[in-house]
Amino acid sequence: MSSPTSVPYVNIAALNEDIKAELLEAVSRVLDSGQFILGREVEVFEKQFAPLCGVRYAVGLNSGTDALIFALRALGVGVGDEVITVPNSFVASTSCIVLVGARPVFVDVREDYNIDTSLIEKAITPRTKAILPVHLTGRPADMAQILDVASRHGLWVVEDCAQAVLAEYQGQRVGSFGAAGCFSLHPLKTLNACGDGGVVTTNDEAVYEKVKLYRNLGLKTRDNCVIWSGNSRLDTLQAAILLVKLKHLHRWTEKRRFNAAYYQKALAGIPRVQVPLDQPHERAVYHTFVIQAGARDKLQQYLQDQGIGTAIHYPIPIHLQEAASNLGYRVGSFPVAETQAKRILSLPVYSELEQWQLEHVAEAVQRFSPRSER
Ligand SMILES: *Cc1c(COP(=O)(O)O)cnc(C)c1O
């Protein structure tokens, strides 16, 4: 290879290159139409995205963060309320709670990085209004347990599906379990726009109507404003791009699952390297492929020296972020999430990886492992 990086951690350009003619045609069509705000492409995208998630309604927005904020707001979550979520996610799954005026209450996670459902009940108080599970890494959270606790305590469930489009739990797609599902279309997510984007999915017509108002300044018609809100529309250009990508999403997802299966097999049994495993009732889509190793930083450096890019999702648990300092948590509050933060490493798993690259990554991890006590 001429490039010093033989396996970059991500390669969005390669994904777009593969379908460039289709993308340019879609972009060109929108340019010619002169219509850039909402309009046909956004509607068609929403009409295709909803059934893909097994729900009646989808609303295109300008980010996954706004999807989370709007879902909570539409369900009436606000000042004085508490929302139970996890400390090991991207910060948006917590900031959305704070931004609607509510208080995030964390519970620790399991070995699969998702919420430990056995700890939820202990975190419920009279102020708890909702549970916000994250389908982290593209693996569905334990929805049967979550829905059971939620229904016994009269709580809303808002799913953070930002990493998990097409993931399934007991044969059902994520985004269809809770009162609302929230997706990100950020370039690094598995269904990605060429810029920011997000979606709320729901079966609840009232939630659907509210989120549509929230994304467009509370305007019911062009001239009638019924509630104060900002501007969070999905661009028509992005919707046109997403419609092209939707046609390839199943193929890309299968390839990532293939890559994950390759790693699972190749890395099984390596001493002190922990590989994610699939449960029979779930279909993970592997937004990230996260291994754990005691000597994580050394392993990351070793892989870097071999030209292999990796990433850490996420190095600082949310309860230990500076922004969270007034929430009353400290080091030791969530031992599983904190231990994982020191051990996790995301390997490249995107659909454009070639066989030699998969082999190169797996061999490098194998070579590193037995070298020293770690
Ligand atoms: C990316 C992400 C978000 C936020 O989505 P944006 O589109 O970047 O606003 C929220 N939650 C999780 C788990 C994410 O990975």
Side-chain angles (χ1 to χ4, degrees), residues 9-10 12 45 49 53 58-73 83-100 104 106-107 109 112-115 130-141 143 146 157-167 174-175 177-178 180-201 211 214-215 230-235 238-239 241-242 245 256 284-290 311-319 321 323-324 337 340-341 344 346 349-350:
Y9 177 65
V10 288
I12 306 164
F45 172 71
F49 196 82
C53 303
V59 188
L61 304 169
N62 81 352
S63 71
T65 304
D66 273 1
L68 288 160
I69 293 169
F70 290 174
L72 292 173
R73 191 177 166 198
V83 178
I84 293 173
T85 190
V86 289
N88 67 333
S89 180
F90 182 57
V91 289
S93 56
T94 294
S95 54
C96 64
I97 298 167
V98 178
L99 287 168
V100 298
F106 297 118
V107 303
V109 295
D112 70 352
Y113 309 112
N114 283 329
I115 192 163
I131 306 172
L132 197 157
V134 180
H135 305 297
L136 203 75
T137 75
R139 180 177 307 286
M143 291 315 298
I146 293 165
V157 174
V158 172
E159 297 170 70
D160 184 338
C161 308
Q163 306 190 355
V165 62
L166 295 187
V174 301
F177 290 93
C182 305
F183 292 82
S184 169
L185 307 168
H186 181 279
L188 289 175
K189 303 300 158 75
T190 57
L191 174 63
N192 47 72
C194 296
D196 278 310
V199 189
V200 164
T201 55
V211 173
Y214 298 158
R215 80 168 165 189
N231 173 351
S232 181
R233 299 176 296 235
L234 177 65
D235 282 331
Q238 299 299 353
I241 285 168
L242 289 158
K245 294 193 175 185
R256 277 197 318 280
V285 295
Y286 289 100
H287 166 64
T288 50
F289 187 89
V290 179
I312 299 168
H313 301 99
Y314 297 88
I316 306 174
I318 301 173
H319 67 287
Q321 293 285 353
Q340 287 174 350
I344 49 177
S346 305
V349 73
Y350 48 93

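Whatever order the structure lists ligands and atoms in, that order sets their numbers, starting from 1. Here, residue 1 is the first one in the sequence, and each next residue gets the next number. Since the model is a prediction, treat every value here as computed from it, not as a measurement.
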(request) Report the part of Thr65 (side chain from C-beta onward, or backbone N, CA, C, O) that has a heavy atom under 4.0 Å from ligand 1; answer both or neither where that applies. (result) both
(message) Are any of the N/O atoms on Ser184, whether in the backbone or the side chain, positioned under 3.5 angstrom from an N/O atom of ligand 1?
(response) yes
(message) Quick check against the 3.5 Å criterion: does Arg256 have a side-chain atom that pairs as donor or acceptor with the backbone of Val285?
(response) yes
(request) Indicate yes or no: does an N/O atom of Leu68 lie under 3.5 Å from an N/O atom of ligand 1? (result) no
(message) With nothing but distance in play, are any N or O atoms of Ser89 less than 3.5 Å from an N or O of ligand 1?
(response) no
(request) Check whether any side-chain N or O of Thr288 sits under 3.5 Å from a backbone N or O of Val290 as a donor-acceptor pair, and report yes or no. (result) no
(message) Donor-acceptor pair, distance only, cut-off 3.5 Å: does the side chain of Asn88 make one with the backbone of Ala341?
(response) no
(message) Could you check whether Tyr350 and Tyr9 have their ring centres less than 6.0 Å apart?
(response) no
(request) Keeping the roles fixed (side chain from Asn114, backbone from Arg139), state whether a donor-acceptor pair exists under 3.5 Å. (result) yes
For a quick test of your reading: what N or O donor-acceptor pairs under 3.5 Å do the side chains of residues 187-199 make, sequence neighbours left out?
unit_1 : atom_1 : unit_2 : atom_2 : d
Asn192 : OD1    : Lys245 : NZ     : 2.6
Asn192 : ND2    : Lys189 : O      : 2.8

(request) Taking the side chain as every heavy atom from C-beta outward, state whether Phe183 and Cys53 have any pair of such atoms under 4.5 Å apart. (result) yes
(request) With heavy atoms of Val134 as the reference, note each atom of ligand 1 found under 4.0 Å away. (result) 13 (C)
(message) Measuring from atom 11 (N) of ligand 1, which candidate in Asn192, Val91, Asp160 has the nearest non-hydrogen atom?
(response) Asp160
(request) Please determine if Gln163 has a nitrogen or oxygen closer than 3.5 Å to a nitrogen or oxygen of ligand 1. (result) yes
(request) Starting from atom 3 (C) of ligand 1, locate the nearest protein heavy atom and write down its residue, its atom name and how far away it is, to 0.1 Å. (result) Phe90 CD2, 3.6 Å
(message) Ignoring hydrogens, what is the shortest heavy-atom contact between Asn231 and Asn62? Give both atom names and the distance.
(response) O-ND2, 3.9 Å
(message) When you measure from the heavy atoms of His135 to every atom of ligand 1, does any distance fall below 4.0 Å?
(response) no
(message) Is there a polar contact, in the sense of an N or O pair closer than 3.5 Å, between Asp196 and ligand 1?
(response) no
(message) Counting only heavy atoms, tell me which of Lys189, His313, His186 gets closest to atom 2 (C) of ligand 1.
(response) Lys189
(request) Report yes or no: does Gly197 have a heavy atom closer than 4.0 Å to ligand 1? (result) yes
(message) Give the atom numbers and elements of ligand 1 that come within less than 4.0 Å of a heavy atom of Gly64.
(response) 5 (O), 6 (P), 7 (O), 9 (O)
(message) For a 4.5 angstrom cut-off between non-hydrogen side-chain atoms, does Thr201 reach Phe49?
(response) yes
